[in-house]
Number of protein chains: 2
Amino acid sequence: MASYIALGVTARRGPTTSYDLKRYVAESIGYFWQIPHAQLYAEPQRLEDLGLLRSRSEDGGRRRRFFEITDAGREALAAWLADPSTDAPELRDTGLLKLHFGALATPGDVRALGERQREVREERLQRFLEFEAEYDGRPGQEHQLVTLRLGQAYERMFAAFWQQVADSAEDLADGRVASIEMRFLTDGEDGG
Amino acid sequence: MASYIALGVTARRGPTTSYDLKRYVAESIGYFWQIPHAQLYAEPQRLEDLGLLRSRSEDGGRRRRFFEITDAGREALAAWLADPSTDAPELRDTGLLKLHFGALATPGDVRALGERQREVREERLQRFLEFEAEYDGRPGQEHQLVTLRLGQAYERMFAAFWQQVADSAEDLADGRVASIEMRFLTDGEDGG
DNA sequence: TCTGCACCGTACAAGTTGGACGGTTACCCC
DNA sequence: GGGGTAACCGTCCAACTTGTACGGTGCAGA
(Lines give C-alpha, C1' and ligand atoms only; values in the text may rest on other atoms or scores of the structure.)
Protein backbone atom coordinates (compact mmCIF):
# COMPACT_ATOMS: atom_id res chain seq x y z
CA MET A 1 0.00 0.00 0.00
CA ALA A 2 2.90 2.30 0.70
CA SER A 3 3.63 2.01 -2.99
CA TYR A 4 0.34 3.64 -4.01
CA ILE A 5 0.91 6.41 -1.54
CA ALA A 6 4.29 7.06 -3.16
CA LEU A 7 2.70 6.97 -6.61
CA GLY A 8 -0.27 9.11 -5.63
CA VAL A 9 1.73 11.79 -3.89
CA THR A 10 4.36 12.07 -6.61
CA ALA A 11 1.58 12.18 -9.21
CA ARG A 12 0.08 15.19 -7.47
CA ARG A 13 3.16 17.02 -6.22
CA GLY A 14 5.76 16.33 -8.86
CA PRO A 15 9.35 15.72 -7.69
CA THR A 16 9.19 14.47 -4.14
CA THR A 17 11.72 13.16 -1.66
CA SER A 18 11.06 10.35 0.77
CA TYR A 19 11.27 12.93 3.48
CA ASP A 20 8.46 14.87 1.80
CA LEU A 21 6.41 11.70 1.71
CA LYS A 22 7.04 11.18 5.36
CA ARG A 23 5.75 14.64 6.25
CA TYR A 24 2.81 14.38 3.89
CA VAL A 25 1.78 11.10 5.46
CA ALA A 26 2.25 12.45 8.97
CA GLU A 27 -0.18 15.31 8.44
CA SER A 28 -2.86 13.73 6.29
CA ILE A 29 -2.89 10.14 5.11
CA GLY A 30 -1.45 8.97 8.39
CA TYR A 31 -4.83 9.48 10.02
CA PHE A 32 -6.26 6.56 8.13
CA TRP A 33 -3.16 4.75 6.95
CA GLN A 34 0.04 4.61 9.03
CA ILE A 35 3.37 3.94 7.46
CA PRO A 36 6.72 3.63 9.24
CA HIS A 37 9.06 6.05 7.55
CA ALA A 38 11.57 3.32 6.69
CA GLN A 39 8.99 2.05 4.21
CA LEU A 40 8.81 5.42 2.55
CA TYR A 41 12.52 5.11 1.77
CA ALA A 42 12.39 1.46 0.69
CA GLU A 43 9.25 1.54 -1.46
CA PRO A 44 10.19 4.29 -3.94
CA GLN A 45 13.42 2.40 -4.58
CA ARG A 46 11.44 -0.71 -5.37
CA LEU A 47 9.07 1.26 -7.59
CA GLU A 48 11.97 2.69 -9.48
CA ASP A 49 13.27 -0.81 -10.10
CA LEU A 50 9.83 -1.63 -11.50
CA GLY A 51 9.89 1.43 -13.74
CA LEU A 52 6.96 3.14 -12.02
CA LEU A 53 9.06 5.96 -10.63
CA ARG A 54 12.25 7.60 -11.75
CA SER A 55 14.66 9.51 -9.54
CA ARG A 56 17.42 12.04 -9.71
CA SER A 57 19.77 12.94 -6.90
CA GLU A 58 21.34 16.27 -6.12
CA ASP A 59 25.09 16.40 -6.71
CA GLY A 60 26.12 18.48 -3.75
CA GLY A 61 24.69 19.61 -0.46
CA ARG A 62 22.07 17.36 1.06
CA ARG A 63 22.17 15.03 -1.91
CA ARG A 64 18.44 14.83 -1.80
CA ARG A 65 16.80 12.23 -4.00
CA PHE A 66 13.69 13.35 -5.85
CA PHE A 67 11.23 10.84 -7.25
CA GLU A 68 8.89 11.43 -10.16
CA ILE A 69 6.15 9.26 -11.51
CA THR A 70 6.54 7.66 -14.94
CA ASP A 71 3.82 6.91 -17.47
CA ALA A 72 3.86 3.28 -16.36
CA GLY A 73 3.47 4.53 -12.81
CA ARG A 74 0.45 6.62 -13.76
CA GLU A 75 -1.11 3.60 -15.38
CA ALA A 76 -0.56 1.42 -12.33
CA LEU A 77 -2.03 4.13 -10.13
CA ALA A 78 -5.05 4.59 -12.38
CA ALA A 79 -5.69 0.85 -12.42
CA TRP A 80 -5.58 0.76 -8.65
CA LEU A 81 -7.95 3.71 -8.33
CA ALA A 82 -10.34 2.15 -10.83
CA ASP A 83 -10.69 -0.95 -8.67
CA PRO A 84 -13.37 -0.34 -6.05
CA SER A 85 -12.52 -3.43 -4.00
CA THR A 86 -10.26 -3.08 -1.01
CA ASP A 87 -8.83 -5.09 1.83
CA ALA A 88 -11.04 -5.21 4.88
CA PRO A 89 -10.76 -1.97 6.81
CA GLU A 90 -9.08 -2.31 10.17
CA LEU A 91 -9.28 -0.57 13.48
CA ARG A 92 -6.93 -0.61 16.45
CA ASP A 93 -8.41 0.95 19.51
CA THR A 94 -7.09 0.11 22.95
CA GLY A 95 -9.95 2.02 24.54
CA LEU A 96 -12.53 -0.30 23.01
CA LEU A 97 -10.45 -3.23 24.16
CA LYS A 98 -10.54 -1.98 27.73
CA LEU A 99 -14.25 -1.33 27.44
CA HIS A 100 -14.80 -4.84 26.13
CA PHE A 101 -13.34 -6.14 29.39
CA GLY A 102 -15.27 -3.59 31.41
CA ALA A 103 -16.99 -6.28 33.45
CA LEU A 104 -13.60 -7.02 35.00
CA ALA A 105 -13.05 -3.38 35.96
CA THR A 106 -14.72 -1.12 38.48
CA PRO A 107 -17.42 1.33 37.39
CA GLY A 108 -15.00 4.06 38.36
CA ASP A 109 -12.45 2.68 35.93
CA VAL A 110 -14.99 2.64 33.15
CA ARG A 111 -16.09 6.17 33.90
CA ALA A 112 -12.49 7.39 33.87
CA LEU A 113 -11.86 5.53 30.64
CA GLY A 114 -14.89 7.14 29.03
CA GLU A 115 -13.86 10.59 30.12
CA ARG A 116 -10.28 10.24 28.99
CA GLN A 117 -11.24 8.79 25.65
CA ARG A 118 -13.75 11.55 25.09
CA GLU A 119 -10.97 14.08 25.68
CA VAL A 120 -8.69 12.32 23.23
CA ARG A 121 -11.38 12.27 20.58
CA GLU A 122 -12.23 15.88 21.13
CA GLU A 123 -8.62 16.90 20.74
CA ARG A 124 -8.49 15.05 17.47
CA LEU A 125 -11.73 16.65 16.35
CA GLN A 126 -10.27 20.04 17.17
CA ARG A 127 -7.23 19.31 15.06
CA PHE A 128 -9.43 18.23 12.17
CA LEU A 129 -11.46 21.40 12.42
CA GLU A 130 -8.24 23.39 12.25
CA PHE A 131 -7.18 21.41 9.20
CA GLU A 132 -10.35 22.51 7.51
CA ALA A 133 -9.73 26.13 8.48
CA GLU A 134 -6.29 25.87 6.87
CA TYR A 135 -7.80 24.37 3.76
CA ASP A 136 -6.81 26.61 0.91
CA GLY A 137 -9.65 25.86 -1.44
CA ARG A 138 -7.47 25.27 -4.46
CA PRO A 139 -9.34 23.13 -6.95
CA GLY A 140 -8.47 19.44 -6.92
CA GLN A 141 -8.60 19.10 -3.16
CA GLU A 142 -12.29 18.32 -2.88
CA HIS A 143 -11.73 14.64 -2.19
CA GLN A 144 -9.31 15.36 0.59
CA LEU A 145 -11.81 17.75 2.10
CA VAL A 146 -14.57 15.16 2.04
CA THR A 147 -12.27 12.67 3.71
CA LEU A 148 -11.49 15.27 6.34
CA ARG A 149 -15.18 15.86 6.93
CA LEU A 150 -15.64 12.17 7.53
CA GLY A 151 -12.83 12.34 10.05
CA GLN A 152 -14.64 15.09 11.87
CA ALA A 153 -17.89 13.16 11.98
CA TYR A 154 -15.92 10.14 13.09
CA GLU A 155 -14.32 11.87 16.04
CA ARG A 156 -17.57 13.50 17.01
CA MET A 157 -19.27 10.14 17.07
CA PHE A 158 -16.59 8.58 19.23
CA ALA A 159 -16.57 11.54 21.58
CA ALA A 160 -20.34 11.23 22.05
CA PHE A 161 -20.03 7.50 22.52
CA TRP A 162 -17.39 7.78 25.20
CA GLN A 163 -19.37 10.48 26.96
CA GLN A 164 -22.29 8.07 27.11
CA VAL A 165 -20.03 5.35 28.45
CA ALA A 166 -18.77 7.64 31.19
CA ASP A 167 -22.32 8.67 32.07
CA SER A 168 -23.59 5.11 32.24
CA ALA A 169 -20.65 3.32 33.82
CA GLU A 170 -22.69 2.61 36.95
CA ASP A 171 -25.71 1.43 35.00
CA LEU A 172 -23.57 -0.93 32.97
CA ALA A 173 -22.06 -2.41 36.11
CA ASP A 174 -25.59 -3.02 37.40
CA GLY A 175 -26.68 -4.71 34.20
CA ARG A 176 -28.78 -1.83 32.87
CA VAL A 177 -27.62 -1.57 29.32
CA ALA A 178 -30.94 -0.36 28.00
CA SER A 179 -30.51 2.95 29.74
CA ILE A 180 -27.82 3.85 27.26
CA GLU A 181 -29.74 5.79 24.69
CA MET A 182 -27.01 5.66 22.12
CA ARG A 183 -27.70 9.26 21.23
CA PHE A 184 -24.59 9.11 19.13
CA LEU A 185 -26.30 6.85 16.63
CA THR A 186 -26.18 8.33 13.20
CA ASP A 187 -28.81 10.50 11.77
CA GLY A 188 -29.51 8.75 8.49
CA GLU A 189 -32.37 6.59 7.40
CA ASP A 190 -32.70 3.72 9.89
CA GLY A 191 -32.15 0.10 9.04
CA GLY A 192 -29.67 -1.29 6.59
CA MET B 1 -1.58 -5.83 23.84
CA ALA B 2 -2.04 -9.49 23.00
CA SER B 3 -1.03 -10.13 26.59
CA TYR B 4 -4.01 -8.28 28.01
CA ILE B 5 -6.31 -10.12 25.68
CA ALA B 6 -4.92 -13.39 26.98
CA LEU B 7 -5.31 -12.21 30.57
CA GLY B 8 -8.78 -10.80 30.02
CA VAL B 9 -10.16 -13.82 28.25
CA THR B 10 -8.74 -16.34 30.69
CA ALA B 11 -10.02 -14.20 33.56
CA ARG B 12 -13.52 -14.45 32.16
CA ARG B 13 -13.59 -17.96 30.73
CA GLY B 14 -11.34 -19.94 33.04
CA PRO B 15 -9.07 -22.56 31.47
CA THR B 16 -8.47 -21.53 27.90
CA THR B 17 -6.30 -22.84 25.09
CA SER B 18 -4.53 -20.65 22.58
CA TYR B 19 -6.89 -22.04 20.03
CA ASP B 20 -9.83 -20.80 22.09
CA LEU B 21 -8.21 -17.38 22.20
CA LYS B 22 -7.82 -17.44 18.46
CA ARG B 23 -11.51 -18.13 17.92
CA TYR B 24 -12.59 -15.65 20.54
CA VAL B 25 -10.53 -12.94 18.90
CA ALA B 26 -11.80 -13.86 15.44
CA GLU B 27 -15.42 -13.36 16.37
CA SER B 28 -15.28 -10.39 18.70
CA ILE B 29 -12.14 -8.50 19.67
CA GLY B 30 -10.76 -8.90 16.20
CA TYR B 31 -13.13 -6.23 14.95
CA PHE B 32 -11.22 -3.57 16.80
CA TRP B 33 -7.94 -5.29 17.56
CA GLN B 34 -6.38 -7.80 15.16
CA ILE B 35 -3.87 -10.35 16.36
CA PRO B 36 -2.05 -12.90 14.22
CA HIS B 37 -2.63 -16.32 15.71
CA ALA B 38 1.07 -16.98 16.24
CA GLN B 39 1.01 -14.26 18.89
CA LEU B 40 -1.75 -16.02 20.75
CA TYR B 41 0.53 -19.01 21.13
CA ALA B 42 3.66 -17.03 22.01
CA GLU B 43 2.18 -14.53 24.46
CA PRO B 44 0.62 -16.93 26.98
CA GLN B 45 3.97 -18.67 27.19
CA ARG B 46 5.62 -15.39 27.99
CA LEU B 47 2.95 -14.57 30.56
CA GLU B 48 3.48 -17.90 32.24
CA ASP B 49 7.19 -17.14 32.52
CA LEU B 50 6.20 -13.89 34.19
CA GLY B 51 3.89 -15.70 36.59
CA LEU B 52 0.73 -14.06 35.29
CA LEU B 53 -0.70 -17.26 33.85
CA ARG B 54 -0.26 -20.90 34.73
CA SER B 55 -0.84 -23.81 32.39
CA ARG B 56 -1.51 -27.51 32.44
CA SER B 57 -1.31 -29.79 29.44
CA GLU B 58 -3.35 -32.88 28.70
CA ASP B 59 -1.36 -36.10 28.86
CA GLY B 60 -2.93 -37.91 25.96
CA GLY B 61 -5.05 -37.16 22.96
CA ARG B 62 -4.73 -33.66 21.59
CA ARG B 63 -2.35 -32.63 24.33
CA ARG B 64 -4.16 -29.37 24.62
CA ARG B 65 -2.60 -26.75 26.82
CA PHE B 66 -4.97 -24.82 29.05
CA PHE B 67 -4.00 -21.50 30.55
CA GLU B 68 -5.44 -20.01 33.71
CA ILE B 69 -4.90 -16.62 35.22
CA THR B 70 -3.00 -16.28 38.48
CA ASP B 71 -3.54 -13.72 41.23
CA ALA B 72 -0.60 -11.77 39.91
CA GLY B 73 -2.24 -11.90 36.48
CA ARG B 74 -5.47 -10.52 37.85
CA GLU B 75 -3.58 -7.70 39.47
CA ALA B 76 -1.78 -6.83 36.26
CA LEU B 77 -5.07 -6.90 34.38
CA ALA B 78 -6.81 -4.73 36.96
CA ALA B 79 -3.98 -2.20 36.83
CA TRP B 80 -4.24 -2.02 33.06
CA LEU B 81 -8.01 -1.58 33.16
CA ALA B 82 -7.68 1.12 35.80
CA ASP B 83 -5.49 3.19 33.51
CA PRO B 84 -7.70 5.28 31.22
CA SER B 85 -4.88 6.34 28.93
CA THR B 86 -4.27 4.44 25.75
CA ASP B 87 -2.12 4.49 22.66
CA ALA B 88 -3.52 6.59 19.84
CA PRO B 89 -6.31 4.72 18.09
CA GLU B 90 -5.48 3.66 14.57
CA LEU B 91 -7.40 3.11 11.39
CA ARG B 92 -6.44 1.31 8.20
CA ASP B 93 -8.86 1.91 5.41
CA THR B 94 -7.82 1.45 1.81
CA GLY B 95 -11.11 2.93 0.65
CA LEU B 96 -10.35 6.25 2.30
CA LEU B 97 -6.89 6.12 0.77
CA LYS B 98 -8.38 5.76 -2.69
CA LEU B 99 -10.86 8.51 -1.99
CA HIS B 100 -8.06 10.77 -0.82
CA PHE B 101 -6.52 10.43 -4.28
CA GLY B 102 -9.91 10.80 -5.94
CA ALA B 103 -8.76 13.81 -7.96
CA LEU B 104 -6.50 11.44 -9.89
CA ALA B 105 -9.38 9.09 -10.68
CA THR B 106 -12.43 9.44 -12.88
CA PRO B 107 -15.83 10.34 -11.39
CA GLY B 108 -16.96 6.88 -12.44
CA ASP B 109 -14.16 5.33 -10.38
CA VAL B 110 -15.18 7.34 -7.36
CA ARG B 111 -18.82 6.41 -7.77
CA ALA B 112 -17.95 2.72 -8.05
CA LEU B 113 -15.71 3.00 -5.03
CA GLY B 114 -18.48 4.60 -3.02
CA GLU B 115 -20.97 1.94 -4.01
CA ARG B 116 -18.67 -0.95 -3.29
CA GLN B 117 -17.59 0.45 0.05
CA ARG B 118 -21.19 1.04 1.03
CA GLU B 119 -21.90 -2.61 0.31
CA VAL B 120 -18.96 -3.74 2.41
CA ARG B 121 -20.06 -1.60 5.30
CA GLU B 122 -23.61 -2.79 5.07
CA GLU B 123 -22.51 -6.41 5.14
CA ARG B 124 -20.54 -5.72 8.25
CA LEU B 125 -23.50 -3.91 9.78
CA GLN B 126 -25.66 -6.91 9.02
CA ARG B 127 -23.21 -9.19 10.76
CA PHE B 128 -23.15 -6.93 13.80
CA LEU B 129 -26.94 -6.91 13.94
CA GLU B 130 -26.88 -10.70 13.89
CA PHE B 131 -24.34 -10.72 16.68
CA GLU B 132 -26.75 -8.73 18.76
CA ALA B 133 -29.58 -11.12 17.95
CA GLU B 134 -27.39 -13.99 19.15
CA TYR B 135 -26.59 -12.10 22.31
CA ASP B 136 -27.67 -14.30 25.17
CA GLY B 137 -28.30 -11.64 27.74
CA ARG B 138 -26.34 -13.30 30.50
CA PRO B 139 -25.24 -10.73 33.05
CA GLY B 140 -21.68 -9.53 32.73
CA GLN B 141 -21.84 -8.99 28.98
CA GLU B 142 -23.16 -5.46 29.03
CA HIS B 143 -19.85 -3.91 28.09
CA GLN B 144 -19.45 -6.17 25.11
CA LEU B 145 -22.95 -5.26 24.00
CA VAL B 146 -22.23 -1.56 24.20
CA THR B 147 -19.09 -2.05 22.17
CA LEU B 148 -21.13 -3.95 19.62
CA ARG B 149 -23.66 -1.11 19.45
CA LEU B 150 -20.85 1.27 18.70
CA GLY B 151 -19.77 -1.04 15.92
CA GLN B 152 -23.24 -0.87 14.45
CA ALA B 153 -23.34 2.90 14.58
CA TYR B 154 -19.88 2.94 13.09
CA GLU B 155 -20.79 0.83 10.11
CA ARG B 156 -23.99 2.76 9.56
CA MET B 157 -22.07 5.99 9.49
CA PHE B 158 -19.56 4.69 6.98
CA ALA B 159 -22.30 3.21 4.82
CA ALA B 160 -24.07 6.57 4.74
CA PHE B 161 -20.83 8.35 4.02
CA TRP B 162 -19.95 6.15 1.08
CA GLN B 163 -23.45 6.47 -0.30
CA GLN B 164 -22.97 10.22 -0.28
CA VAL B 165 -19.64 9.85 -1.99
CA ALA B 166 -21.21 7.74 -4.72
CA ASP B 167 -24.02 10.22 -5.17
CA SER B 168 -21.72 13.20 -5.40
CA ALA B 169 -18.83 11.78 -7.39
CA GLU B 170 -19.66 14.05 -10.32
CA ASP B 171 -20.04 17.11 -8.14
CA LEU B 172 -16.70 16.46 -6.48
CA ALA B 173 -15.00 16.17 -9.84
CA ASP B 174 -16.48 19.56 -10.77
CA GLY B 175 -15.32 21.17 -7.56
CA ARG B 176 -18.71 21.32 -5.88
CA VAL B 177 -17.96 19.98 -2.46
CA ALA B 178 -20.59 22.07 -0.73
CA SER B 179 -23.33 20.02 -2.29
CA ILE B 180 -22.39 17.15 -0.06
CA GLU B 181 -24.72 17.62 2.84
CA MET B 182 -22.92 15.19 5.09
CA ARG B 183 -26.23 13.80 6.22
CA PHE B 184 -24.24 11.13 7.98
CA LEU B 185 -23.03 13.61 10.54
CA THR B 186 -23.87 12.47 14.02
CA ASP B 187 -26.90 13.48 15.87
CA GLY B 188 -25.42 14.82 19.09
CA GLU B 189 -25.10 18.35 20.37
CA ASP B 190 -23.20 20.36 17.81
CA GLY B 191 -19.80 21.86 18.37
CA GLY B 192 -16.95 20.33 20.29
C1' DT C 1 31.48 32.10 15.34
C1' DC C 2 28.73 28.85 17.64
C1' DT C 3 24.57 26.40 18.72
C1' DG C 4 20.46 24.29 17.84
C1' DC C 5 17.08 22.66 14.98
C1' DA C 6 14.88 21.14 10.89
C1' DC C 7 16.14 18.59 7.02
C1' DC C 8 17.56 14.13 4.76
C1' DG C 9 18.91 9.43 4.49
C1' DT C 10 20.74 4.65 5.92
C1' DA C 11 21.48 0.57 8.62
C1' DC C 12 20.15 -3.06 11.21
C1' DA C 13 18.69 -5.77 15.45
C1' DA C 14 14.60 -7.23 17.16
C1' DG C 15 10.19 -8.33 16.60
C1' DT C 16 6.13 -9.73 13.83
C1' DT C 17 3.64 -12.23 10.39
C1' DG C 18 1.17 -15.70 8.14
C1' DG C 19 1.40 -19.82 5.89
C1' DA C 20 2.82 -24.62 5.80
C1' DC C 21 2.91 -28.57 8.21
C1' DG C 22 1.69 -32.58 11.34
C1' DG C 23 -1.04 -34.78 14.29
C1' DT C 24 -5.88 -35.75 16.84
C1' DT C 25 -10.77 -36.33 17.37
C1' DA C 26 -15.59 -36.05 15.93
C1' DC C 27 -18.87 -36.71 12.64
C1' DC C 28 -21.13 -38.42 8.63
C1' DC C 29 -22.07 -41.57 5.00
C1' DC C 30 -21.63 -45.81 3.14
C1' DG D 1 -16.82 -50.71 11.01
C1' DG D 2 -14.40 -48.38 7.39
C1' DG D 3 -13.26 -44.34 4.99
C1' DG D 4 -13.34 -39.60 4.27
C1' DT D 5 -13.48 -34.96 5.66
C1' DA D 6 -13.69 -31.15 8.48
C1' DA D 7 -12.78 -29.04 12.70
C1' DC D 8 -9.55 -28.97 16.34
C1' DC D 9 -4.84 -27.92 18.21
C1' DG D 10 -0.15 -26.65 18.10
C1' DT D 11 4.66 -25.63 16.20
C1' DC D 12 7.96 -23.98 13.10
C1' DC D 13 10.33 -20.76 10.50
C1' DA D 14 11.58 -17.83 6.39
C1' DA D 15 10.31 -13.47 5.03
C1' DC D 16 9.05 -9.25 6.07
C1' DT D 17 8.26 -5.11 9.10
C1' DT D 18 9.36 -1.95 12.57
C1' DG D 19 11.41 1.53 15.19
C1' DT D 20 15.35 3.43 16.73
C1' DA D 21 19.84 4.99 16.47
C1' DC D 22 22.99 7.14 13.89
C1' DG D 23 25.48 10.42 10.69
C1' DG D 24 25.56 14.11 8.01
C1' DT D 25 23.84 19.00 5.78
C1' DG D 26 22.16 23.72 5.70
C1' DC D 27 19.96 27.54 7.82
C1' DA D 28 18.79 30.96 11.29
C1' DG D 29 19.52 33.33 15.32
C1' DA D 30 22.44 34.55 19.45
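Letters A, B, ... mirror the listed sequences (proteins, then strands); counts begin at 1. Keep in mind that what you see is a predicted model, and the values were worked out from it rather than measured.
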If each end axis of the helix from C:dT1-D:dA30 to C:dC30-D:dG1 is fitted on five C1' pair positions, the angle between them, to 10 degrees, is 30°
Quick note, salt bridge (Lys or Arg N to Asp or Glu O under 4.0 Å) partners involving residues 21-47 of chain B, not counting sequence neighbours, are B:Asp20-B:Arg23, B:Glu43-B:Arg46
- Message: Under a 3.5 Å threshold, yes or no: a donor from one side chain and an acceptor from the other, between B:Arg12 and B:Gln144?
- Response: yes
When you compare the side chains of A:Thr70 and A:Arg54, does any donor N or O come within less than 3.5 Å of an acceptor on the partner? no
Discussion item. Would you say that B:Phe101 contacts A:Tyr4 through its side chain, given a criterion of any heavy-atom pair below 4.5 Å between the two side chains?
Written reply: no
Residues A:Asp93 and A:Arg121: closest non-hydrogen pair is OD2-NH2, 2.9 Å
Going 5' to 3' through nucleotides 8-19 of chain C and flagging B where a protein heavy-atom sits under 4.0 Å of the base, S where only the sugar-phosphate is that close, and - otherwise, we get BBB-----SSBB
message: Please check: side-chain N/O of B:Gln117 versus main-chain N/O of A:Pro84, any donor-acceptor pairing under 3.5 Å?
response: yes
B:Arg127 and B:Glu130 ion-paired at < 4.0 Å: no
